[in-house]
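Predicted, not measured: the structure shown is a model, and the values here were computed from it. A note on names: the letters A, B, ... follow the listed sequences, proteins ahead of strands, and every chain is numbered from 1.
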Amino acid sequence: MTSIRFSARATVRIEFKGLDCSMNLFSDFLASIRTAANAVAADYALQGTIDLDKVTAEPPREPTHGDIATNAAMVLTKAFGKPPRVLAEAIAAKLSEHTDVAHVDIAGPGFINIRLRQTVWPRLLDAALSLGESYGGSRLGGGLKANVEYVSANPTGPLHVGHCRGAVFGDALAQLLTETGFDVTREYYINDAGAQVDTVARSAFLRYREALGETIGEIPSGLYPGDYLKPVGAVLAREHGDGLLALDEAQWLPIVRTKAMAMMMDLIRDDLAALNIRQEVFFSEKSLHDSGEVADTIADLRAAGHVYQGSLPPPKGEVPDDWEDREQTLFRATAFGDDMDRPLLKSDGSFTYFASDVAYSRNKIRRGYKELIYILGADHGGYVKRLEAVAAAVAGPGAVKVVVRLCQLVKLYRAGEPVRMSKRAGEFVTLRDVVDEVGPDVVRFMMLFRKNEAPLDFDFAKVTEQSKDNPVFYVQYAHARTCSVLRNAEAEGLSGGKPDFALLTDPAEMGIIRRIAEYPRLLESAAIAHEPHRVAFYLYELAGEFHALWNKGKESPQLRFILKEDLETTITRLAFLRVIRYVLANGLRILGVRPADEM
RNA sequence: GACCCCGUAGCUCAGUUGGAUAGAGCGAGUGCCUUCUAAGCACUAGGUCACAGGUUCGAAUCCUGUCGGGGUCGCCA
């Protein structure tokens with residue numbers, strides 16, 4: 001909420017803050033526009049508070065409309081009691097006093113179009129040049145503690161291709177939030193407390209007997225048949241000899257389970273490392289039970305009056321055959337916006353999975369996170385409301401922000417043909433298969449070159465193509481090209497010297513400069529929307545403009561970066577190239593894609 | 001039955017959270033290109049933003065409804 005309170009004053013003298021070190025042209029100008037609106041309000045001797053939240057400063061779609069457009073006159077017309085065009089005149093008059101403003105137009109229903117002085121751009125580039133690869137970052141988040149939980153796959157085997165997207169998305173979002181000033185923790189929730197981990201243990205036990213020389217034959221259905229459990233059996237055999245064979249299941253199960261969990265998590269961490277993902281917290285569900293936190297959490301909720309005994313209505317539509325009305329211990333989630341109340345205890349009195357979910361949320365909240373971000377598969381759409389309800393019940397309504405981002409499915413293709421995946425044992429495509437085939441950079445970029453909630457087609461043939469059709473290649477190639485010219489320049493002894501960015505005047509160059517100026521704003525809006533894909537699209541566009549400028553150098557040699565007969569321009573263009581490279585490198589770093597020096 | 005997501009050019013998708021004449025790539029058509037790094041460059045055509053209402057200065061974007069596609073819906077994890 002940004003509002004101004006002002007009192008009537010006869011004369012209004014305003015001082016604009018110059019463009020400052022935040023290097024976000026648009027947020028700086030938004031402040032100036034608000035200052036101008038404030039001054040106009042004082043001229044009109046308005047009383048009271050005016051909401052300036054809806055005032056924006058953005059790049060106009062049409063470059064001919066100027067450098068910055070604002071809707072101020074239109075959104076404030078009601079509050080000021082003046083027609084938009086009249087108000088626009090008044091605000092424009094104030095804005096034209098700004099030292100960086102060349103002139104101000106009013107267009108259409110009341111847009112104020114600001115044309116900046118040419119001197120602004122060299123200053124911006126100078127600043128970007130000195131900031132280097134950190135240009136684009138901001139303090140938007142103000143150090144807010146945010147927790148990004150992603151992957152959290154069950155530790156029953158290696159990650160499969162379905163985990164790719166959430167893994168990459170979560171990682172990129174975490175990095176985006178880090179660059180925009182949030183204090184981010186990357187976290188993985190290990191579901192190591194349910195019945196399925198016992199199944200893993202039993203499967204591993206078979207492999208143990210196999211490792212001792214026994215013939216185990218076909219793995220019974222209901223157990224995990226994958227070869228990846230063989231090493232677990234081997235390690236158990238090495239550590240225990242045949243000692244476990246003499247024990248009852250109740251005795252060997254915990255031993256085998258612990259070992260199997262540890263080794264499965266190592267496997268998963270390796271898979272993630274192949275995608276350059278390293279989460280700093282791996283949180284065990286079992287630890288919540290062992291520490292008594294699950295029970296404590298339910299006790300707390302009960303004390304707060306959010307728990308009751310009752311039964312839930314059967315699902316509408318198709319009622320399952322085995323439906324029985326049962327009394328359970330329920331959390332009153334509907335009081336916090338959920339569609340139905342959620343069971344904490346099963347009818348036999350044991351904890352539900354949801355109970356540990358609640359305890360886990362409470363644990364995060366107690367660790368001080370103000371924003372809990374969950375990256376889930378699209379089949380978890382039903383989780384959104386219950387996660388919000390839990391946070392509201394535990395922390396108090398509105399105390400903690402819950403953000404759930406759902407990632408749609410990835411469909412694999414091989415030269416246009418869908419890759420068939422049988423659910424039968426061993427025939428699923430693993431994450432490792434994909435990464436090994438096309439490399440982490442391609443996987444990461446392609447997973448982010450789509451809105452998260454839109455389904456994604458991944459064609460092995462297309463993503464390794466070297467053409468404009470392949471955005472990964474296109475963007476990396478742009479970065480490599482900048483490096484290549486800088487290398488050539490260095491080889492010719494052309495490095496160093498002070499650039500004079502006022503020499504950059506070609507429309508193609510100006511277009512790139514404007515796009516670079518938008519970068520900090522782009523990062524902020526992507527962070528607010530939790531949409532890292534915007535960074536990928538931005539890079540694709542920047543790369544496109546850069547390649548176009550490059551190609552103009554063919555027809556118009558005076559536009560080339562290295563001009564042997566014009567040292568001053570060369571030095572300037574090399575510095576310009578460096579700034580382009582910084583932005584590409586910064587964006588690629590957020591996406592977790594290696595900026596290639598040569599290709 | 002309820003809830004969530006999606007529906008934009010022939011195809012695959014963006015669309016700066018409500019802005020101005022809705023954009024890009026591929027495909028199609030036309031013309032160029034022997035290179036500061038080759039895998040190209042420029043231009044043209046292509047649209048009832050699923051449909052119907054509503055909100056307001058202004059809607060692809062927000063609200064309601066309809067149609068179509070996908071997902072989910074008590075003890076599994």
From the options [options], select the nucleotide whose nearest atom is closest to the side chain of [X].
X: A:Glu531; options: B:A42, B:C36, B:U17; result: B:U17
X: A:Tyr474; options: B:A77, B:C41, B:U37; result: B:C41
X: A:Arg521; options: B:G15, B:C36, B:U16; result: B:U16
X: A:Tyr353; options: B:A77, B:U17, B:A42; result: B:A77
X: A:Ala529; options: B:U17, B:U12, B:A24; result: B:U17
X: A:Asn191; options: B:G15, B:A77, B:U37; result: B:A77

Indicate yes or no for a side-chain donor-acceptor contact from A:Ser284 to the backbone of A:Lys286 under 3.5 Å, with no hydrogens or angles considered.
yes
Separation of the [atom1] atoms in [N] and [M], to the nearest angstrom:
N: B:U37; M: B:G27; atom1: C1'; answer: 28 Å
N: B:G23; M: B:G15; atom1: C1'; answer: 7 Å
N: B:A14; M: B:A22; atom1: C1'; answer: 11 Å
N: B:U61; M: B:U21; atom1: P; answer: 16 Å
N: B:U12; M: B:C63; atom1: P; answer: 27 Å
N: B:C5; M: B:G18; atom1: P; answer: 15 Å
N: B:C62; M: B:U17; atom1: P; answer: 13 Å
N: B:C51; M: B:G68; atom1: P; answer: 15 Å

Those residues that, when tested against [X], pass ring pair (Phe, Tyr, Trp, His ring centres under 6.0 Å) (two or more places apart):
X: A:His65; answer: none
X: A:His306; answer: A:Phe336
X: A:Tyr188; answer: A:Phe282
X: A:Tyr150; answer: none

For the pair made of [atom1] in [X] and [atom2] in [N], what is the distance, rounded to whole Å?
X: A:Leu140; N: B:U17; atom1: CG; atom2: C1'; result: 15 Å
X: A:Tyr189; N: B:A77; atom1: OH; atom2: P; result: 11 Å
X: A:Leu376; N: B:A77; atom1: CG; atom2: P; result: 17 Å
X: A:Asp338; N: B:A2; atom1: CG; atom2: P; result: 17 Å
X: A:Phe473; N: B:U37; atom1: CZ; atom2: P; result: 14 Å
X: A:His163; N: B:A77; atom1: NE2; atom2: P; result: 17 Å

Is there aromatic stacking of A:Trp550 against B:C36, centre distance under 5.5 Å, plane angle under 30°?
yes
Check side chain to side chain donor-acceptor pair (under 3.5 Å) between A:Asp506 and all other residues, then give those that pass, not counting sequence neighbours.
A:Lys552
A:Asn586: side chain to side chain donor-acceptor pair (under 3.5 Å) partners, not counting sequence neighbours
A:Tyr519
With A:Leu159 via side chain to side chain contact (heavy atoms under 4.5 Å, CB included) - residues at least two apart
A:Val151, A:Ala153, A:His163, A:Ile268, A:Asp271, A:Leu272, A:Leu431
Can you name the residues that form a side chain to side chain contact (heavy atoms under 4.5 Å, CB included) with A:Pro343, not counting sequence neighbours?
A:Leu312, A:Gln328, A:Leu330, A:Thr352
Find out whether the Lys NZ or Arg CZ of [X] is both under 6.0 angstrom from the six-membered ring centre of [Y] and within 45° of the ring's axis.
X: A:Arg386; Y: A:Tyr383; answer: yes
X: A:Arg481; Y: A:Phe546; answer: no
X: A:Arg342; Y: A:Phe354; answer: no

Please state whether the phosphate of [N], meaning OP1 or OP2, lies under 4.0 angstrom from any side-chain nitrogen or oxygen of [X].
X: A:Ser484; N: B:U37; result: yes
X: A:Arg481; N: B:U37; result: no
X: A:Asn488; N: B:U37; result: yes

Which is true for [X] with a 4.0 Å heavy-atom rule: it touches a base, it touches only sugar-phosphate, or it touches nothing?
X: A:Gly108; answer: nothing
X: A:Ala526; answer: nothing
X: A:His533; answer: sugar-phosphate
X: A:Asn71; answer: base
X: A:Ala107; answer: base
X: A:Ala195; answer: sugar-phosphate
X: A:Asn452; answer: nothing

Using a 4.0 Å heavy-atom cut-off to protein, can you give one letter per nucleotide of nucleotides 3-8 of chain B, 5' to 3': B if the base is in contact, S if only the sugar-phosphate is, - if neither?
S-SS--
Indicate the ring-plane relationship of A:Phe283 and A:Tyr189, choosing parallel, tilted or perpendicular according to the 30° and 60° boundaries.
tilted
What about A:Tyr383: does its side chain form a donor-acceptor pair under 3.5 Å with the base of B:A77?
yes
Record whether the side chain of A:Tyr477 comes under 3.5 Å of the base of B:A39 through a donor-acceptor pair of N or O atoms.
yes
For A:Asn452 against A:Leu406, the heavy-atom pair lying closest together:
ND2-O, 2.9 Å
What pair of heavy atoms forms the shortest contact from A:Met74 to A:Thr77, and how long is it?
O-CG2, 3.0 Å
B:U17 glycosidic torsion: syn (within 90° of 0) vs anti
syn
Stems formed with participation of RNA chain B [Watson-Crick or G-U wobble, under 3.5 Å, three or more pairs]:
B:1-7 with B:67-73, B:10-13 with B:23-26, B:28-32 with B:40-44, B:50-54 with B:62-66
Given side chains that start at C-beta, do those of A:Lys411 and A:Val419 come closer than 4.5 Å, heavy atoms only?
no
Give every pair of a protein N or O atom and an N or O atom of nucleotides 54-62 of chain B that lie under 3.5 Å apart, one pair per line with the distance.
none

Hey, which sits more toward the 5' end of RNA chain B by its nearest nucleotide, A:Val485 or A:Gln328?
A:Val485
Between A:Arg342 and A:Gln196, the residue closer to the 5' end of RNA chain B by nearest nucleotide is A:Arg342
Collect all protein-nucleotide pairs involving nucleotides 32-35 of chain B in which both atoms are nitrogen or oxygen and the distance is under 3.5 Å.
residue, atom, partner, partner atom, Å
B:U35, O2, A:Lys554, NZ, 3.4

Indicate, with yes or no, if the rings of A:Tyr540 and A:Tyr538 have centres closer together than 6.0 Å.
no
